[in-house]
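Just so it is clear: chains get the letters A, B, ... in the order the sequence lines come, proteins before strands, and each one is counted from 1.
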Number of protein chains: 2
Amino acid sequence: MDTAAEVRIDAPHRELLDQILDKWSLAVLNDLCERPCRFNELRRAIPQVTQKSLTATLRRLERNGVVEREVVSTRPVAVRYRITDLGKTLRHPVDVLLAWTSQHMPAVERAREDFDEREAARL
Amino acid sequence: MDTAAEVRIDAPHRELLDQILDKWSLAVLNDLCERPCRFNELRRAIPQVTQKSLTATLRRLERNGVVEREVVSTRPVAVRYRITDLGKTLRHPVDVLLAWTSQHMPAVERAREDFDEREAARL
DNA sequence: CGGAATCCTAAGAGATACTG
DNA sequence: CAGTATCTCTTAGGATTCCG
């Protein structure tokens, strides 16, 4: 795969990454990649998220076109969230990212210990 | 490339991503991938960053083992930041990410306009 | 069920001034 | 040069309550 070696990280790109890689978005996208989900279904799948944050995350993802919100007018209403075609294209970048964290987590943890140790010794 | 389809996004992975993909880290890593840089060199390369945020970013990256800090004891002191071998392995994931934003930015912007328009019409 | 509205706090960002 | 220290201020986020 040839990737650009000299990519500009300007404000728009930075903002987009912030909105798609933020605290809860990855978890939401991951779940929606497997299957469409109801609101409370997502809440249960991501136990630590608050209702407020989940709502905000879903709105943001919807606004950016990677998630779709479908209201089923039963009563009480059912709301179904699903990934869009655009959202599916995020799968690869996200997987590459998570593969990196999985693979290098041990090295990172060693680095942290070393750093903290040196820091402690310095005092 | 085979990437894991079912990766858990637990707290440690989330935290690591937060520390490496945060607001200024990508820009710093990008610059350090090209060449080692002095502190003020980085400041100039990333005009909007404040000294405080740049310091914090560099410390965080150093602690996670992706950036190295070398103090040259001249006077006044010179400090040289360089990417580590571990840091170099971030190049690919980051490039994939930036390739995604570059490629899909137009679609995202269209989605945003549609969303905002619908939002305005709803009121 | 799927939120919206409100209140609150804690972390981060900016600005400014100072230092080895 | 490369920071640290301090202060203020804004904002993201949690907890809680209420609603169609």
Between [N] atom [atom2] and [X] atom [atom1], what is the distance in whole Å?
{"X": "A:Lys23", "N": "C:dA10", "atom1": "NZ", "atom2": "P", "answer": "15 Å"}
{"X": "B:Asp18", "N": "D:dG13", "atom1": "CG", "atom2": "C1'", "answer": "13 Å"}
{"X": "A:Glu15", "N": "D:dA12", "atom1": "CD", "atom2": "P", "answer": "12 Å"}
{"X": "A:Leu54", "N": "C:dA4", "atom1": "CG", "atom2": "C1'", "answer": "14 Å"}
{"X": "A:Gln48", "N": "D:dA15", "atom1": "CD", "atom2": "C1'", "answer": "16 Å"}
{"X": "A:Asp22", "N": "D:dG13", "atom1": "CG", "atom2": "P", "answer": "7 Å"}
{"X": "A:Phe39", "N": "D:dC19", "atom1": "CZ", "atom2": "P", "answer": "19 Å"}
{"X": "A:Glu62", "N": "C:dG2", "atom1": "CD", "atom2": "P", "answer": "15 Å"}

* Counting distance only, does the side-chain N/O of B:Thr101 pair as donor-acceptor with the main-chain N or O of B:Leu98 below 3.5 Å? -> yes
* Asked: If only atom types and distance count, is the side chain of B:Asn30 paired as donor or acceptor with the main-chain N or O of B:Leu26 below 3.5 Å?
  -> no
Electrostatic pair [X]:[Y] at N-O distance under 4.0 angstrom:
{"X": "A:Glu119", "Y": "B:Arg59", "result": "no"}
{"X": "A:Asp18", "Y": "A:Arg14", "result": "yes"}
{"X": "B:Asp95", "Y": "B:Arg91", "result": "yes"}

If the cut-off is 4.0 Å, is [X] near the phosphate of [N], judged by side-chain N/O to OP1 or OP2?
{"X": "B:Ser53", "N": "C:dG14", "result": "yes"}
{"X": "A:Arg38", "N": "C:dG2", "result": "yes"}
{"X": "A:Thr50", "N": "D:dG14", "result": "yes"}
{"X": "B:Arg75", "N": "D:dC1", "result": "no"}
{"X": "A:Tyr81", "N": "C:dC1", "result": "no"}
{"X": "A:Arg59", "N": "C:dA4", "result": "yes"}
{"X": "A:Arg69", "N": "C:dG3", "result": "yes"}

* Out of C:dA13, D:dA2, D:dG13, whichever nucleotide has its closest atom nearest the side chain of B:Lys52 -> C:dA13
* Minimum-distance nucleotide to A:Asn40 side chain [options: C:dC1, D:dG14, D:dA2] -> C:dC1
* Asked: Hey, does the side-chain of A:Gln51 have a donor or acceptor N/O within less than 3.5 Å of a partner on the base of C:dA4?
  -> yes
